[in-house]
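Positions are given from 1, in the same order as the sequence printed here. Since we're looking at a predicted model, the values are computed, not measured.
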Amino acid sequence: GVAYCFNPKTTLVEQATLAKVANQCIAMKGISAAFSLGKISEGEVKVSARSDGRVNVQLLCEKLGGGGHSTMAACQLEDVSLELALEKLKSAIDEYYEER
């Protein structure tokens, strides 16, 4: 029930686009948490998170230095590649589910 998406290219993305993508992903059947990742500047990756209420994405984003609301949250990771940011997100998701 967790989805994440990202653009593997080095193209920079707008923060608003990441939020829109996360909103679209959470609307998919069977998805309880959705995350979109993208480079917003050189060395900086933004994660936008959405939930249907069954997963507290605020707690997940706090693990990565961000915050927000239980159903809408975000964080920015500095001095990381997109691949490293994705690995950090996956680790935070695993940790979240282990704690539950």
Side-chain angles (χ1 to χ4, degrees):
V2 175
Y4 56 89
C5 57
F6 60 96
N7 181 354
K9 298 179 182 176
T10 57
T11 308
L12 299 182
V13 296
E14 296 287 329
Q15 294 182 38
T17 301
L18 293 171
K20 290 175 186 177
V21 170
N23 286 337
Q24 290 177 340
C25 288
I26 196 62
M28 294 189 305
K29 185 177 181 177
I31 300 299
S32 56
F35 302 88
S36 62
L37 297 85
K39 288 182 69 168
I40 58 171
S41 68
E42 196 58 45
E44 191 171 30
V45 175
K46 170 103 179 198
V47 177
S48 186
R50 299 294 182 268
S51 170
D52 67 357
R54 291 182 280 176
V55 175
N56 187 332
V57 291
Q58 175 187 353
L59 295 177
L60 276 159
C61 284
E62 285 176 356
K63 291 179 182 299
L64 299 170
H69 183 269
S70 63
T71 59
M72 294 188 340
C75 60
Q76 285 183 204
L77 304 166
E78 296 182 10
D79 299 321
V80 297
S81 65
L82 190 58
E83 293 78 13
L84 180 58
L86 180 59
E87 289 306 313
K88 288 179 178 254
L89 174 62
K90 288 179 183 180
S91 293
I93 292 168
D94 289 343
E95 188 177 310
Y96 174 82
Y97 278 105
E98 287 172 9
E99 292 171 355
R100 293 180 76 198

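The structure places CG of D94 at 9.5 Å from CG of L89, a figure rounded to the nearest 0.5 Å. To the nearest 0.5 Å, the span separating SG on C75 from CG on L60 amounts to 9.5 Å. In this structure, OG1 in T17 is found 11.5 Å from CG in L12, a value given to the nearest 0.5 Å. Note that CG of L37 and CD of E83 are 10.5 Å apart. Values are rounded to the nearest 0.5 Å. Within the model, atoms CD of E98 and CD1 of I93 stand 12.0 Å from one another, a figure rounded to the nearest 0.5 Å. Considering CD of Q15 and OG of S36, their distance stands at 10.5 Å, rounded to 0.5 Å.
Residues F35 and L86 share a hydrophobic cluster, clusters being chains of Ile/Leu/Val/Met/Phe/Trp/Tyr side chains in contact below 4.5 Å. When the side chains of ILVMFWY residues are joined at heavy-atom separations under 4.5 Å, either directly or via intervening members, L64 and F6 end up in a single hydrophobic cluster. No path of Ile, Leu, Val, Met, Phe, Trp and Tyr side chains, each step under 4.5 Å between heavy atoms, connects V13 with L77, placing them in separate hydrophobic clusters.
Every residue two or more places apart in sequence or in another chain that forms a side chain to side chain contact (heavy atoms under 4.5 Å, CB included) with S32 is listed here: D52, R54, V55, Y97.
The backbone N or O of K90 lies less than 3.5 Å from no partner atom in the side chain of Y4, so there is not a single donor-acceptor pair.
Of all the heavy atoms in R50 and A19, the pair that sits closest is NH2-CB, 3.4 Å. Here the shortest heavy-atom pairing between A92 and K63 reads O-CD, 3.9 Å. Contact between V45 and K39 at its shortest, heavy atoms only, is CG2-CG, 4.2 Å. Among all heavy-atom pairs drawn from K46 and I40, the shortest one is CB-CG2, 3.6 Å. Nearest heavy atoms, A73 versus C61: CB-SG, 3.7 Å. Residues V80 and K88 come closest through the heavy atom pair CG1-CE, 4.2 Å.
When side chains are defined from C-beta on, T71 does not count as touching I26, because their heavy atoms never get closer than 4.5 Å. When side chains are defined from C-beta on, M28 counts as touching C25, because their heavy atoms get closer than 4.5 Å.
Surrounding CD of E99 are more than 12 heavy atoms belonging to other residues, nucleotides or ligands, all under 6.0 Å away.
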